[in-house]
Amino acid sequence: SIFEGTRDAIFIADTATGRIVDANPEAARLLRRSRESILGMHQSELHPPQESERYRQQFSRRAGQTAPSHAEGEAWTSDGRRVPVEISASTITLGGGQRVLVGVFRDITERKLADKRRQQDAQRTELLLDLHQRAPRMTDRELYDYVLEKAVALTDSAIGFFHQVSEDQKTIILTT
């Protein structure tokens, strides 16, 4: 019931081969794959292809340990998306003597987005305080350049523009 009903993705991999021997419904949802297509996959295929060797090495190290481990990583979906996950892993021995690594993947996308928003909010606050101190000593052009530079950085944009709509109203639009 726990395996089938949990909201975390659970993958069970044979420690000798690295092949997935079982996965719960949440694992299929996380990877956007059928459970049947997950079974038999190598555990490194759960992660972005560019990092498969790193995950193979981590698996080999983990397979020989008995203490649980916790780390952050990324899952790789069937449509090529990276999903940030928190991974808890434990090696256990099943009734028939088979050693398996149980990996519990928790999707932390929302937490990562919230962290990014908090960081951006702190950067905006810092910018506003800095702008409040600098603005009285700046020309209009210096002020526009400063705001543009900071806006491009804050929005992770490659470029930004100011558009002056009306000279008499001094209406300016910033686009990043």
Side-chain angles (χ1 to χ4, degrees), residues 1-127 149-160 176:
S1 293
I2 293 171
F3 183 74
E4 295 294 323
T6 186
R7 295 182 62 180
D8 292 327
I10 302 175
F11 301 93
I12 301 175
D14 183 286
T15 57
T17 64
R19 300 279 171 204
I20 305 296
V21 295
D22 207 352
N24 71 348
E26 193 62 22
R29 189 202 62 74
L30 176 70
L31 298 183
R32 299 175 187 238
R33 298 177 182 272
S34 69
R35 182 176 172 272
E36 293 73 26
S37 70
I38 295 170
L39 300 181
M41 286 175 57
H42 192 273
Q43 62 77 30
S44 63
E45 295 176 77
L46 302 175
H47 307 284
Q50 310 85 309
E51 299 172 38
S52 101
E53 186 54 36
R54 179 171 69 91
Y55 281 105
R56 279 179 190 270
Q57 290 172 3
Q58 284 179 349
F59 181 86
S60 293
R61 281 193 303 275
R62 281 291 316 128
Q65 298 174 354
T66 54
S69 69
H70 307 280
E72 286 190 9
E74 290 181 314
W76 184 251
T77 67
S78 64
D79 58 358
R81 284 187 331 114
R82 292 173 178 249
V83 178
V85 290
E86 184 178 80
I87 304 169
S88 298
S90 298
T91 303
I92 61 172
T93 303
L94 300 177
Q98 180 185 21
R99 288 184 51 79
V100 295
L101 190 124
V102 179
V104 179
F105 287 42
R106 175 166 290 167
D107 184 343
I108 57 172
T109 301
E110 291 303 316
R111 181 174 38 166
K112 291 287 189 181
L113 290 172
D115 288 347
K116 186 173 183 174
R117 282 191 296 273
R118 277 191 292 279
Q119 182 182 19
Q120 288 173 331
D121 288 347
Q123 290 173 331
R124 285 186 196 103
T125 301
E126 186 179 311
L127 171 63
E149 173 190 331
K150 297 300 182 180
V152 167
L154 280 174
T155 59
D156 291 329
S157 300
I159 194 167
T176 59

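All residue numbers refer to positions in the sequence shown, counting from 1. This is a predicted model, so every value here is computed, not measured.
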The side chain to side chain contact (heavy atoms under 4.5 Å, CB included) partner of E86 among V104, I108, D8 is I108

Exercise. So with a 6.0 Å cut-off around CZ of R106, is the heavy-atom count from everything else above 12?
Worked result: no

For P49 and W76, the nearest pair of non-hydrogen atoms, with its separation, is CD-CE2, 3.4 Å

Pair K112 + E72: basic N to acidic O under 4.0 Å: yes

message = If we ignore hydrogens and angles and just use 3.5 Å, is the side chain of T6 paired with the main-chain N or O of I2 as donor and acceptor?
response = no

Charged N-O contact under 4.0 Å between D107 and R7: no

Does either side chain, that of Q58 or that of R61, offer a donor lying less than 3.5 Å from an acceptor on the other one? no

Residues F105 and A75: closest non-hydrogen pair is CD2-CB, 4.4 Å

Quiz item: How about E45 and S52: do any of their side-chain heavy atoms sit closer than 4.5 Å?
Solution: no

Taking the side chain from S37 and the backbone from S34, do they hold a donor-acceptor pair closer than 3.5 Å?
-> yes

Residues A23 and R35: closest non-hydrogen pair is O-NE, 2.8 Å

Note: A9 and A27 closest approach over all heavy atoms is CB-CA, 3.5 Å

Here the gap from T77 atom OG1 to E74 atom CD, rounded to the nearest 0.5 Å, amounts to 11.0 Å

Heavy-atom closest pair (I10 atom, N24 atom, distance to 0.1 Å) is N-OD1, 2.9 Å

ask   = When you check the gap from the basic side-chain N to the acidic O, do R118 and D121 get nearer than 4.0 Å?
value = no

With a 4.5 Å cut-off on side-chain heavy atoms, are F3 and D22 touching? yes

Side chains of T91 and R99: do they bring a donor and an acceptor to under 3.5 Å? no

| message | Checking the side chain of S78 only, and the main-chain atoms of R33 only, is there a donor and an acceptor separated by less than 3.5 Å? | response | no

Could you walk me through whether I12 and L101 pass side-chain contact (heavy atoms from CB on, under 4.5 Å), step by step?
-> CA-CA 6 Å; I12 301 175; L101 190 124; over 6 Å; no

* Asked: How about F59 and H47: are their ring centres within less than 6.0 Å of each other?
  -> no

_If you count every heavy atom of other residues, nucleotides or ligands that lies below 6.0 Å from Q57 atom CD, does the total exceed 12?_
yes

One should read off an interatomic distance between Q43 CD and M41 CE, to the nearest 0.5 angstrom, of 9.5 Å

Would you indicate whether the side-chain heavy atoms of Q119 and D115 approach each other to under 4.5 Å?
-> no

In this structure, CG of L113 is separated from CZ of R117 (nearest 0.5 Å) by 5.5 Å

d(E26 CD, L31 CG) to nearest 0.5 Å is 10.0 Å

dist I38:CD1 -> L30:CG (nearest 0.5 Å) comes out at 8.5 Å

query = Any side-chain heavy atom of K150 sitting closer than 4.5 Å to one from Q123?
reply = no

Rounding to 0.5 Å, atoms CZ (R62) and CD (Q65) come to a distance of 4.5 Å

